[in-house]
*Asks:* 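After the structure tokens below, expect a handful of questions from me.
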Amino acid sequence: MENQKKPGIRMDYTGMMSGSQNPKGFKKEELLGLQNAMDQAQATLANRRENGEIDFSKLLVSMKTQLSEIIEYADSVAPKFENFVVLGIGGSALGPLAIHQALNHYYYNDLAPEQRGHRPRFYVLDNIDPVRVHELLQMLDPSKTLFNVISKSGNTSETMAQFLIVRDNLQQVCGDNYAEHIVITTDKEKGNLLPIALKEGYQRFVIPAGIGGRFSELTPVGLLAAAICGIDINQLLEGALGMDQWIREAKGVFSNPAQLRAALAHLSWQKGKNISVFMPYADGLKTMADWYAQLWAESLGKGYDRQGRAVHIGQTPVKALGVTDQHSQVQLYAEGPDDKVITFVAVEKFKETQGIPIDLELPEDIQFLGGRTLEELLFAEQKATEYALTLAGRQHQKIILPTLDAYHIGQLLLLLEWETAYMGELLNINAFDQPGVEEGKNGTYALMGRKGYEQKKQDIEEYGKIRHTLSLDI
């Protein structure tokens, strides 16, 4: 590890530990008491990684060799299209959107083409609200738009419905050239999208077989959209690789950032902190909080442990945004039920600065702002919130990014993914499946008339008769 650069992002967990202002915090001995469990988790996760069960880490090296193909394609299509639209849901949408918002201009789509480097505008259709879908397609010229359909199985009802609508639209407008406006990201060997792509001649990228959507951002699922919109995916992957190596090799809960965050999360959960708040103080990280919410909820909310015993565990993730949610949520965090642990995410240096003008004619209660900057005000707000939570005896910690760039975003992604994997081990559950989601999918198939789901449809309709006897008309 001598030549391995340490991660540039830092953790401040003072607000989690016992001290003069936080007598309810954890003692160092409590964290050290988890070290044997952490050592076992590290060994188990290493074995699972080698066996292909933790592909979000193992695939980073192989993805490095595929970057040139992704970049070459992205550079070739970017000047040809005015719009790039992702059709996907869950991690297939949240990951690409989180990276785009973190690293590109906040008002990217409103910029002139030359200001975007002649890259297309970026849209994500992550739901099936008919008004939203209709209005986006009404606004865009299909002949100037590239659509990226992302579904590993090709069974995702929402994404496939979007695809069928878009394909029909393109066929009507673009004729025989419609296939040039579709790029598919799906499984290499199976699924419903693959034969369609091969038959109709779509450009195709592969979602690796062993990876779930919420862990797929650093595969073509997220890297393609990032490259098309001008993000440096080499640096994104470099940051991820550095953090990945650090976490896999660092020993000890106070040296390994994923172990430390997982240990703090587990101790908090054991003491009744059933809610995990993720609160970045940068608008660019707003959608990263959405991505984290899916990662934490879908990975750790499980009904059964690895031995098949009913456990029904998991922390509920809550997304917040500083400073905005100081005025909508922090009152609850400071004085409401003591069932939350808060993670702030701070950025040390923003890519822009904005001074506040001095006006001595203003009331003294406002004059103090003059001559300062918005960054100073933002930092002050975050520190003041930390202090208020400390006085209230509420647990909180902080992840600090030197700046919002591709390298450090790559680090952040891997830190949160590995923390989730470690937390799964401590809870003795499988953090990489999502059985609770499947029943809803099967029910949708049944109600929409998919063959083989006739009994399921009948069961749901019987349930509906019972449910509607308890409705109220207003």
*Asks:* Going by heavy atoms in the side chains, are V86 and L224 under 4.5 Å from each other?
*Replies:*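 Contact flag for V86/L224 side chains = no.
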
*Asks:* Side chains of D12 and F344: closer than 4.5 Å at any heavy-atom pair?
*Replies:* no

*Asks:* Are the side chains of R49 and D244 in touch, meaning some heavy atoms are under 4.5 Å apart?
*Replies:* yes

*Asks:* Looking at K64, I want to see if its NZ is surrounded by more than 12 non-hydrogen atoms of other residues, nucleotides or ligands under 6.0 Å.
*Replies:* yes

*Asks:* Would you say Q42 and K251 make side-chain contact, with heavy atoms under 4.5 Å?
*Replies:*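 Sidechains of K251 and Q42: in contact.
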
*Asks:* Are K398 and Y281 in a cation-pi contact, defined as NZ or CZ under 6.0 Å from the six-membered ring centre and within 45° of the axis?
*Replies:*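 Negative - K398 is either too far from the ring of Y281 or too far off its axis.
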
*Asks:* Would a 4.5 Å heavy-atom cut-off, applied to side chains only, mark F147 and Q162 as touching?
*Replies:* no

*Asks:* Tell me whether K190 at atom NZ has more than 12 heavy atoms from other residues, nucleotides or ligands lying less than 6.0 Å away.
*Replies:* no

*Asks:* Below 6.0 angstrom between ring centroids: does that apply to Y422 and H266?
*Replies:*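 Centroid distance Y422-H266: not below 6.0 Å, so no.
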
*Asks:* Should the ring pair Y292 and F278 be called parallel, tilted or perpendicular, given that the plane angle runs from 0 to 90° and is split at 30 and 60?
*Replies:* parallel

*Asks:* Heavy-atom count around R372 CZ within 6.0 Å, excluding the residue itself: above 12?
*Replies:* no

*Asks:* Check D405 with K349, please: is the shortest side-chain N to carboxylate O separation under 4.0 Å?
*Replies:* no

*Asks:* T159 versus I150: any side-chain heavy-atom pair under 4.5 Å?
*Replies:*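 Sidechains of I150 and T159: no contact.
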
*Asks:* Should F26 and Y13 be marked as a ring pair (Phe, Tyr, Trp, His ring centres under 6.0 Å) after you check the CA-CA gap, both sets of side-chain angles, and the distance that decides it?
*Replies:* CA-CA 10 Å; F26 302 129; Y13 56 101; over 10 Å; no

*Asks:* My understanding is that only residues two or more places apart in sequence, or in another chain, count here; which of them pass side-chain contact (heavy atoms from CB on, under 4.5 Å) with A197?
*Replies:*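 With sequence neighbours excluded, A197 shows a side-chain contact (heavy atoms from CB on, under 4.5 Å) to I184, Y202, R204, given in chain and number order.
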
*Asks:* Would one find more than 12 heavy atoms of other residues, nucleotides or ligands at under 6.0 Å from atom CD of Q270?
*Replies:* yes

*Asks:* Can you find a pair of side-chain heavy atoms, one from K27 and one from S18, that are under 4.5 Å apart?
*Replies:* yes

*Asks:* With a 4.5 Å limit on heavy-atom distance, are the side chains of T219 and F205 in contact?
*Replies:*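 No, their side chains stay 4.5 Å or more apart.
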
*Asks:* Just by modelled atom types, is the R121 backbone N or O under 3.5 Å from a matching donor or acceptor in the N83 side chain?
*Replies:* no

*Asks:* What orientation do W418 and F56 show, parallel under 30°, tilted 30 to 60°, or perpendicular over 60°?
*Replies:* perpendicular

